[in-house]
J.: 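What follows is a single structure, and I will ask about it in a moment.
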Amino acid sequence: MPELPEVENVIRSLVKKVSGKIIINIEIVTPNIIYNRMEFKDLVISKTIVTLLRRGKYIIIKLSEGNLLIHLRMTGKLLYNGEVNKHTHLRFKFLDGDYLIYNDVRKFGRVSYLNNDELEVYLNTKVGLEPGLMVFDEFKDKLMKKTGAIKKNLLDQTVIAGIGNIYADEILFASGIHPLFETKNLLESDLENLYNNIREILEEATIAGGSTIRDYVNGEGAAGAYQDTHKVYGKSGKECISCGCKLEKIKVAGRTSVFCPICQRIR
DNA sequence: CACTAAACCTGGGAGC
DNA sequence: TGCTCCCAGGTTTAGT
């Protein structure tokens, strides 16, 4: 489900609500969701939530000691005082009676406890450039070290963090680049277009509350609106808004990719 | 080393 | 109505 704009909206919707809350109990319905499940309760109960941060698609809940690292994968949701149902796998109860639940239809998401050193090591090895903070030269250097198709490299979280299947397709369309275009053949002008579109599209999507295709809602249960702005994602067979020809669908790096064969020609 | 397929799961939609 | 098949905002691991 969630890519950078969605994860960012989860955090923005929750940070004021849960900061300062003291965790007094955790109901673990589905232990598989948690990595260090044996010690998890002992490590987390009685800690206070300091704040929420995002790195790529990861949610970091900073505690008075240590951190919760959460990845929502496809259908994970963090909900503040949300509805407990058969997809609720985790429930953090606070001293004041409020609570935070982790719901996930497909159970792909993961939650773990990491101390500050472990968190830093993990993020440094797994998570690449932050789109809103990266400068052009580091973006170019890191991307041009990769081989193969540009779409595969945009989805590589160790290069740029936070781009998923929706925004990769939207970014490539906005940049006029075919998803199978070889990264090594990108021109300087292509790189500039990509850099600008990555930042602009993710920022606009974040402001719109993210994209809700099916499941996504923020921490208060509110859907996003950016799906109304999508130009290619999920629109195979429809007309290109720019040239009017039919959008096509191919598989790249195992993911469905929609593009305009005229506006995104392989040069 | 690089790329692909399978695995992890459940549910919605299309087609029959 | 109901069954089967395909597909899904992601990542890791096993296999070629």
Side-chain angles (χ1 to χ4, degrees), chain A residues 1-11 29-35 37 54-59 69-78 85-90 102-112 122-123 125-128 131 143-173 179-184 198 201-202 204-206 208-219 222-237 249-258:
Chain A
M1 169 223 315
E3 307 180 28
L4 186 152
E6 292 76 36
V7 176
E8 179 65 25
N9 273 281
V10 170
I11 286 168
V29 181
T30 310
N32 282 352
I33 296 295
I34 302 169
Y35 274 124
R37 61 188 72 117
R54 182 190 57 73
R55 272 289 278 127
K57 300 175 190 172
Y58 285 94
I59 294 166
L69 184 66
I70 301 172
H71 199 302
L72 305 173
R73 295 282 178 95
M74 296 289 267
T75 53
K77 298 176 187 177
L78 272 184
N85 59 29
K86 64 175 175 175
H87 301 302
T88 303
H89 307 299
L90 222 49
Y102 177 74
N103 286 12
D104 192 343
V105 169
R106 296 176 72 180
K107 302 180 197 167
F108 285 173
R110 290 293 179 268
V111 177
S112 53
Y122 187 87
L123 294 178
T125 52
K126 298 267 193 181
V127 187
L143 182 61
M144 295 308 284
K145 287 197 178 86
K146 307 305 284 188
T147 61
I150 180 60
K151 168 140 179 186
K152 182 192 72 168
N153 296 328
L154 287 181
L155 292 173
D156 184 341
Q157 301 300 301
T158 66
V159 181
I160 304 149
I163 301 173
N165 207 31
I166 294 177
Y167 298 107
D169 278 7
E170 295 298 321
I171 288 161
L172 287 170
F173 175 77
L180 286 174
F181 195 85
E182 289 282 321
T183 295
K184 67 176 190 304
I198 286 167
I201 287 174
L202 294 176
E204 284 168 17
T206 299
S211 300
T212 297
I213 302 302
R214 181 185 205 135
D215 294 294
Y216 168 72
V217 290
N218 70 13
Y226 194 74
Q227 64 280 3
D228 299 337
T229 309
H230 292 175
K231 298 183 173 61
V232 289
Y233 176 83
K235 297 187 184 296
S236 173
K249 178 169 69 171
I250 54 172
K251 286 273 185 194
V252 181
R255 314 294 300 280
T256 297
S257 305
V258 182

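Computed from a predicted structure; not experimentally measured.
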J.: If I take atom CG in residue A/Asp156 and atom P in nucleotide B/dA2, what distance separates them, rounded to the nearest angstrom?
T.: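 That distance rounds to 11 Å.
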J.: Using whole Å, what does the distance between atom P of nucleotide C/dC7 and atom CD1 of A/Ile250 come to?
T.: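 Roughly 15 Å, once rounded to whole Å.
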J.: Using a 3.5 Å limit on both pairing distances, list the dot-bracket string of DNA chain B from the 5' end; Watson-Crick and G-U wobble pairs count, crossing pairs take [ ], interstrand pairs take |.
T.: .|||||||.|||||||
J.: Please check if the side chain of A/Asn165 supplies one atom and the backbone of A/Ser257 the other of a donor-acceptor pair under 3.5 Å.
T.: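 Absent.
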J.: Donor-acceptor check, side chain of A/Glu182 to backbone of A/Thr147, threshold 3.5 angstrom: yes or no?
T.: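 Absent.
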J.: Work out how far the C1' atom of B/dC3 is from that of C/dA8, and round it to whole angstrom.
T.: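 Roughly 23 Å separates the two C1' atoms.
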J.: Could you pull out the protein-nucleic contacts involving nucleotides 3-6 of chain B (nitrogen or oxygen on both sides, under 3.5 Å)?
T.:
{"residue": "B/dC3", "atom": "OP1", "partner": "A/Thr147", "partner atom": "OG1", "Å": "3.4"}
{"residue": "B/dC3", "atom": "OP1", "partner": "A/Lys152", "partner atom": "NZ", "Å": "3.3"}
{"residue": "B/dC3", "atom": "OP2", "partner": "A/Lys152", "partner atom": "NZ", "Å": "2.2"}

J.: Distance check needed: C/dC7 C1' versus A/Ile166 CD1, whole Å only.
T.: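 Nearest whole value for this atom pair: 14 Å.
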J.: Has A/Lys146 got a side-chain atom pairing as donor or acceptor with A/Lys184's backbone, closer than 3.5 angstrom?
T.: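 No; judged by distance alone, with no hydrogens or angles, the pair does not exist.
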J.: Checking all strands, does A/Tyr167 fall into the base, sugar-phosphate, or nothing category for heavy-atom contacts under 4.0 angstrom?
T.: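 Nothing, no heavy atom under 4.0 Å.
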J.: In this structure, how many angstroms lie between the P atom of C/dG10 and the NZ atom of A/Lys57, rounded?
T.: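 Atom NZ in A/Lys57 sits about 4 Å away from atom P in C/dG10.
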J.: Check side-chain hydrogen bond (donor to acceptor under 3.5 Å, both in side chains) between A/Thr256 and all other residues, then give those that pass, not counting sequence neighbours.
T.: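 Once residues adjacent in sequence are excluded, the partners of A/Thr256 under the side-chain hydrogen bond (donor to acceptor under 3.5 Å, both in side chains) criterion are A/Lys251.
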J.: Dump every N/O contact between nucleotides 12-16 of chain C and the protein below 3.5 Å, one line per pair.
T.:
{"residue": "C/dT12", "atom": "OP1", "partner": "A/Lys126", "partner atom": "NZ", "Å": "3.2"}

J.: May I have the distance from A/Asn165 (atom CG) to C/dA8 (atom P), rounded to whole angstrom?
T.: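 From A/Asn165 CG to C/dA8 P: 8 Å.
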J.: Would a distance-only check, ignoring hydrogens and angles, find a side-chain to backbone donor-acceptor pair under 3.5 Å from A/Gln157 to A/Leu155?
T.: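 Judged by distance alone, yes, a pair lies under 3.5 Å.
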J.: Which part of the nucleic acid does A/Lys251 contact within heavy-atom distance under 4.0 Å: base, sugar-phosphate only, or nothing?
T.: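 A/Lys251: backbone/sugar contact only, no base atoms under 4.0 Å.
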J.: In terms of relative ring orientation, are A/Tyr167 and A/Tyr226 parallel, tilted or perpendicular, with 30° and 60° separating the classes?
T.: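 Plane angle between 30° and 60°, so tilted.
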J.: Is it the case that the side chain of A/Tyr216 and the backbone of A/Gly210 share a donor-acceptor pair, with hydrogens and angles ignored and the cut-off at 3.5 Å?
T.: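 No, A/Tyr216 side chain to A/Gly210 backbone: no donor-acceptor pair under 3.5 Å.
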J.: Mark yes or no for whether A/Arg73, through its side chain, and A/Pro2, through its backbone, hold a donor-acceptor pair below 3.5 Å.
T.: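 The answer is no, because no donor-acceptor pair under 3.5 Å joins these two groups.
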J.: Ignoring hydrogens and geometry, is there a side-chain-to-backbone donor-acceptor pair from A/Asp169 to A/Val258 under 3.5 Å?
T.: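 Checking the backbone N and O of A/Val258 against the side chain of A/Asp169, a donor-acceptor pair under 3.5 Å is found.
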J.: Reading nucleotides 9-14 of chain B 5' to 3', which nucleotides get B (base under 4.0 Å from a protein heavy atom), which S (sugar-phosphate only), which -?
T.: BBBB--
J.: Any side-chain to backbone donor/acceptor pair from A/Glu170 onto A/Ile201? Under 3.5 Å, distance only.
T.: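 Flag not set: sc A/Glu170 to bb A/Ile201 has no pair under 3.5 Å.
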J.: If you compare every side-chain N and O of A/Gln157 against the phosphate oxygens of C/dG10 (OP1, OP2), does one of them come in below 4.0 Å?
T.: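 Result: no.
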J.: Kindly list each side-chain donor-acceptor pair under 3.5 angstrom involving residues 103-112 of chain A, sequence neighbours excluded, with atom names and distances?
T.:
{"residue": "A/Asn103", "atom": "OD1", "partner": "A/Thr88", "partner atom": "OG1", "Å": "2.8"}
{"residue": "A/Asn103", "atom": "ND2", "partner": "A/Glu83", "partner atom": "O", "Å": "3.4"}
{"residue": "A/Asp104", "atom": "OD1", "partner": "A/Thr75", "partner atom": "OG1", "Å": "2.6"}
{"residue": "A/Asp104", "atom": "OD1", "partner": "A/Arg106", "partner atom": "N", "Å": "3.2"}
{"residue": "A/Asp104", "atom": "OD1", "partner": "A/Lys107", "partner atom": "N", "Å": "3.1"}
{"residue": "A/Asp104", "atom": "OD2", "partner": "A/Tyr102", "partner atom": "OH", "Å": "2.5"}
{"residue": "A/Asp104", "atom": "OD2", "partner": "A/Phe108", "partner atom": "N", "Å": "3.4"}
{"residue": "A/Asp104", "atom": "OD2", "partner": "A/Gly109", "partner atom": "N", "Å": "2.9"}
{"residue": "A/Arg110", "atom": "NH1", "partner": "A/Lys107", "partner atom": "O", "Å": "3.2"}
{"residue": "A/Arg110", "atom": "NH1", "partner": "A/Phe108", "partner atom": "O", "Å": "3.4"}

J.: Starting at atom CG of A/Asp104, determine the distance to atom C1' of B/dC8, rounded to an integer number of angstrom.
T.: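 About 11 Å, once rounded to whole Å.
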J.: Over how many whole Å does the gap from A/Glu6 atom CD to C/dA8 atom P extend?
T.: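 For the pair A/Glu6 CD and C/dA8 P, the rounded distance is 17 Å.
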